[in-house]
Amino acid sequence: MITRAALGCRLCWTITGAVFAMILIIESLILVPSARRFESEALRLLAVEAQGAVDAVLAPLAVARGAPDLRPALEPLVGRLHIRGLAALRADGSVAAAVGELLQTAARSLGGAVDPSPAILLRSEDGSRVEVSWRNDALGAAGFAARLDASHVRGALRAYVLRIAGLVALIVLVVTAGTMLVLHVLLLKPLMRLRESMRLAAQAPERASEYSVPSRRSDELGEMIVAHNSMLSRIVESIRRDREVAEARARILSHHDGLTGLPNRRSFLEHLSGRRAGDGAAPGVITVCIVNVVQLRRVNAAMGQQTGDRLLWEVGVRVSQAAGAGSFVAHLGAGRFAVARRSGDPAFDAAGFAERILRDAAGEYSIGGDSVAADLRVGISHAPCAACSPEELLNQAELALERAGAEDSGGYAFFENAMAEAAHERRSLSRALERAIGRDDELFLAYQAKASLSGDGMAFSGAEALLRWRHPERGLVRPDVFIALAEATGLILPLGEKVLRRACAQVRDWLERHGRSPRVAVNLSAHQFVAPGLVGLVAGVLRETGIPPALLELEVTESAAMRDAERAASRLHELHELGVCLAIDDFGTGYSSLNYLRRFALDTIKIDKSFVDDIGKDPNAEAICAAILGMARALGRHVVAEGVETEMQLAFLRSHGCDEIQGYLYARPEPAAEFERRFLQTHAALRVAR
Ligand code: G
Ligand code: G
Ligand code: MN
């Protein structure tokens with residue numbers, strides 16, 4: 001295991017290779033001179049042996065006087081002690097006597113032989129022979145030269161070099177293996193863990209600190225690991241902070257009005273629906289006042305927009321004070337404020353409440369030294385908490401406001417008969433809707449085409465099924481009216497099931513007749529989304545119609561999903577398991593926690609039309625669109641912008657990387673037959689898969 005890992009380590013190989021090369025260089029630096037020394041020592045011994053032999057032969061002759069003939073004395077030496085030839089030399093270098101092989105160097109040999117110890121004069125090319133000479137002035141000769149057989153010296157040298165090289169190889173082997181082992185334990189193992197930790201942290205930076213590396217080392221590597229761990233926790237911290245800032249920013253942008261710092265229309269409606277949901281059964285009443293600054297336009301024109309803005313700010317402050325704690329005050333835009341007040345007492349004095357607001361907030365204001373008079377009107381709707389929807393309450397207060405300017409109104413007016421009218425209307429409509437669900441001719445689906453923005457143009461990419469109701473007497477009823485009614489009465493479950501079956505049957509029909517069908521999105525209401533039978537219903541309809549699940553998309557509104565985010569997460573997961581696509585509708589209005597958004601099994605985010613409407617008009621709406629697109633990209637979600645009506649909106653969305661659009665600019669909702677003629681019978685590029 002250790003060796004496997006170490007052998008695979010490029011760093012170890014490099015270091016070990018360097019160590020190996022270093023040992024090799026050092027060994028060869030030592031080996032070359034020592035081999036030379038070995039060889040010359042062997043040759044010197046050879047020469048000294050030859051000299052000894054000659055001296056031994058000469059010694060007895062020296063007793064006789066005169067210059068005897070040396071040849072007979074030297075003759076027997078040839079062939080012994082590696083001697084192949086011998087010559088006695090005179091002082092002038094000439095040969096006095098020679099035996100055996102002829103010496104090449106005889107004539108000049110004495111020149112070198114200034115020493116009584118032998119000197120090497122010549123070596124044959126192959127090193128098998130050497131010639132040596134030495135001084136010896138006995139017996140009338142000045143010196144001797146000898147040719148010696150040196151062939152065995154080569155062999156000895158080779159053996160010597162091989163021995164040394166073997167030793168070196170052994171050292172290299174031991175050092176290399178040792179180096180690898182030490183590198184593996186001290187460097188490679190911690191480095192591998194660091195590398196793995198970095199890789200995992202890069203994949204999931206928001207959980208980076210879970211991948212910190214434990215270490216108790218105190219060396220540089222230990223310091224590096226400590227620094228790495230602290231970097232991981234900083235990354236996590238910084239991502240967390242960024243997310244908090246983004247959430248806070250999104251919350252403020254989408255829930256507050258930049259001019260007065262008060263909550264905006266959206267938060268006002270949320271506040272009202274929260275009250276209703278929280279106290280549905282409570283016997284309280286809710287009072288909604290819309291406070292209008294009548295002459296705001298005149299102030300703007302006469303004294304400048306800045307003064308108008310400042311006045312609005314001041315009015316907001318006084319209205320809030322007058323309404324008192326327990327009231328919710330919002331700025332709806334332009335010169336309109338809204339105040340909500342809930343009371344447990346059914347006889348709550350709404351008129352007194354409105355009068356107090358008028359008394360405290362209308363009148364003179366001092367703006368930058370100028371005196372400005374604010375003329376206010378109040379429209380009031382007043383109903384039991386559970387009776388009306390937030391939109392209804394607000395609409396009724398708007399209607400009442402129109403009558404608040406009348407003579408002797410006192411500056412405020414009530415929406416009259418609100419409860420009775422609404423209840424009657426709702427009862428008759430809901431009976432008619434119930435009947436329509438049982439029939440086949442009143443309710444039908446319209447299909448609105450969506451276009452993808454890949455490339456420069458727009459390409460047909462899918463459709464949303466939108467329910468329509470043609471009432472026999474009233475004509476077309478607006479879907480937001482009858483859907484809300486169906487929600488309130490529970491009719492939404494059979495209605496929603498009908499829509500799902502129709503849409504899937506339509507896809508089946510298109511597949512059979514055209515061999516292709518766009519993906520069709522079906523809206524799920526909040527009730528449907530939490531109904532226990534939903535997953536079974538969808539699975540059943542898919543099975544019965546036999547359509548590919550990917551051709552069905554389910555749209556859940558953001559507010560429905562966020563009502564109980566934990567349950568929504570698991571429900572979305574179950575639906576996703578069926579293979580259908582999932583989209584979150586009206587995104588931006590329900591304020592999702594980004595954290596949940598990450599956990600929801602969603603394919604697509606649909607930016608709410610209200611933001612798209614304000615592109616080019618309201619920088620806040622543009623900021624929200626850009627933020628949603630950026631966030632969706634980071635989370636890997638597909639984005640559809642709803643309600644695109646102008647080229648300008650399209651250009652903005654395209655430049656911010658929006659994937660798909662839906663809106664009148666590309667197509668309106670149309671009956672199935674027309675939709676089919678336009679998008680299925682032509683050769684419109686159809687992209688089913690994304
Ligand atoms: O285009 P339109 O006016 O059709 O739609 C108004 C509202 O009604 C939209 O919010 C849309 O989501 C909703 N709506 C349309 N059809 C259906 C449907 O079949 N089921 C549900 N729950 N809502 C629908
Ligand atoms: O389900 P959802 O709330 O997304 O329904 C979409 C609604 O938006 C439908 O009522 C549809 O008719 C409407 N719609 C789609 N495109 C446009 C558009 O470009 N302009 C307007 N005003 N409404 C649109
Ligand atoms: Mn929708």
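Quick caveat: nothing in here was measured; it's all calculated off a predicted structure. Atoms within each ligand, like the ligands themselves, are counted from 1 in listed order.
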Colleague: Between R678 and E674, does any side-chain N to carboxylate O distance fall below 4.0 Å?
Modeller: no
Colleague: Does L602 offer a backbone N or O that forms a donor-acceptor pair with the side chain of R637 under 3.5 Å?
Modeller: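 Side chain of R637 to backbone of L602: a pair is present.
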Colleague: Of all the non-hydrogen atoms in the protein, which one sits nearest to atom 4 (O) of ligand 2, and at what distance?
Modeller: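 Going atom by atom, the protein heavy atom closest to atom 4 (O) of ligand 2 ends up being E642 OE2, 2.2 Å.
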Colleague: Do NZ/NE/NH1/NH2 and the carboxylate oxygens of K606 and E642 come within less than 4.0 Å?
Modeller: yes
Colleague: Run the salt-bridge test on R243 and E247 with the 4.0 Å N-O cut-off and return the result as yes or no.
Modeller: no
Colleague: How far is atom 23 (N) of ligand 2 from its nearest protein heavy atom, and which residue and atom is that?
Modeller: K609 CE, 3.1 Å
Colleague: Minimum distance, heavy atoms only, to atom 13 (C) of ligand 1: which one of D480, V481, T557, I483 is it?
Modeller: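 Among D480, V481, T557, I483, the closest heavy atom to atom 13 (C) of ligand 1 comes from I483.
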Colleague: When you check the gap from the basic side-chain N to the acidic O, do E434 and R431 get nearer than 4.0 Å?
Modeller: no
Colleague: With a 4.0 Å cut-off on N to O distance, would you call R513 and E676 a salt bridge?
Modeller: yes
Colleague: So, are E270 and R266 salt-bridged, with charged N and O less than 4.0 Å apart?
Modeller: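 No, no charged N to carboxylate O under 4.0 Å.
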Colleague: To which protein heavy atom is atom 12 (O) of ligand 2 closest, and what is the distance rounded to 0.1 Å?
Modeller: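 Its nearest protein heavy-atom neighbour is P669 CG, 3.6 Å.
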Colleague: How large, to 10°, is the angle at the Mn ion (ligand 3) when you draw lines to OE2 on E464 and to OE1 on E555?
Modeller: 100°
Colleague: So if I count the atoms of ligand 2 from 1 in the order they appear, which ones are less than 4.0 Å from some heavy atom of Q448?
Modeller: 15 (C), 16 (N)
Colleague: Suppose we call two aromatic rings close when their centres sit under 6.0 Å apart. Are W510 and Y447 close by that rule?
Modeller: yes
Colleague: I need the atoms of ligand 2 closer than 4.0 Å to a non-hydrogen atom of D585, numbered in the order shown.
Modeller: 1 (O), 2 (P), 3 (O), 4 (O)
Colleague: Check for me whether R468 has a heavy atom closer than 4.0 Å to any atom of ligand 1.
Modeller: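 Per 4.0 Å heavy-atom rule, R468 contacts ligand 1.
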Colleague: With the threshold set at 4.0 Å, does a side-chain nitrogen-carboxylate oxygen contact exist between E670 and R677?
Modeller: no
Colleague: So that I can tick it off, tell me whether E645 and R668 are bridged by a salt bridge, with the cut-off set at under 4.0 angstrom between side-chain N and carboxylate O.
Modeller: no
Colleague: Which residue holds the protein heavy atom closest to atom 21 (C) of ligand 1, what is that atom called, and what is the gap in Å?
Modeller: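 The closest one turns out to be N523 CB, 3.6 Å.
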Colleague: Decide whether an N or O pair under 3.5 Å exists between V499 and ligand 1.
Modeller: no
Colleague: Less than 4.0 Å between a side-chain N and a carboxylate O, is that true for D440 and K498?
Modeller: yes
Colleague: Can you tell me which residue and heavy atom of the protein come closest to atom 3 (O) of ligand 1, and the distance to 0.1 Å?
Modeller: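 In this structure, atom 3 (O) of ligand 1 has P479 CG, 3.1 Å as its nearest protein heavy atom.
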Colleague: Verify the distance criterion only: is there a donor paired with an acceptor across the side chains of S525 and E487 at less than 3.5 Å?
Modeller: yes
Colleague: Hey, is atom 1 (O) of ligand 2 under 4.0 Å from any protein heavy atom?
Modeller: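 When distances to the protein are checked, atom 1 (O) of ligand 2 has a heavy atom within 4.0 Å.
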Colleague: What is the nearest protein non-hydrogen atom to atom 10 (O) of ligand 1, stated with its residue, atom name and distance?
Modeller: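 Of the protein heavy atoms, D586 OD2, 4.8 Å lies nearest.
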Colleague: Near V644, which atoms of ligand 2 are under 4.0 Å from a heavy atom of that residue?
Modeller: 19 (O)
Colleague: Is the shortest distance from a heavy atom of E464 to ligand 2 less than 4.0 Å?
Modeller: yes
Colleague: Starting from atom 16 (N) of ligand 1, which protein heavy atom do you reach first, and at what distance in Å?
Modeller: L467 N, 3.0 Å
Colleague: At what distance is the nearest protein heavy atom to atom 19 (O) of ligand 2, and which residue and atom is it?
Modeller: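 Of every protein heavy atom, Y664 N, 2.7 Å lies nearest to atom 19 (O) of ligand 2.
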Colleague: What protein heavy atom sits nearest atom 20 (N) of ligand 2, and how far away is it?
Modeller: E645 OE2, 2.3 Å
Colleague: Indicate whether atom 7 (C) of ligand 2 is within a distance of less than 4.0 angstrom of some protein heavy atom.
Modeller: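 So far as the 4.0 Å threshold goes, atom 7 (C) of ligand 2 is out of reach of every protein heavy atom.
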Colleague: List every atom of ligand 1 that sits less than 4.0 Å from any heavy atom of L466, numbering the atoms from 1 in the order shown and giving each element.
Modeller: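 Once the distances to L466 are compared, the set is 1 (O), 4 (O), 15 (C), 16 (N).
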Colleague: If you measure every N/O of K606 against every N/O of ligand 2, is any gap under 3.5 Å?
Modeller: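 No, since none of the N or O atoms of K606 sits under 3.5 Å from an N or O of ligand 2.
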Colleague: Do you know which N/O/S atom name in D585 is closest to the Mn ion (ligand 3)?
Modeller: OD2
Colleague: In terms of atom number and element, which parts of ligand 1 are under 4.0 angstrom from non-hydrogen atoms of S525?
Modeller: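 What qualifies from ligand 1 is 22 (N).
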Colleague: Taking the basic N atoms (NZ, or NE/NH1/NH2) and the acidic carboxylate oxygens, is any pair closer than 4.0 Å for R501 and E544?
Modeller: yes
Colleague: What class does the angle between the rings of H271 and F328 fall in, given that below 30° is parallel, 30 to 60° is tilted and above 60° is perpendicular?
Modeller: parallel
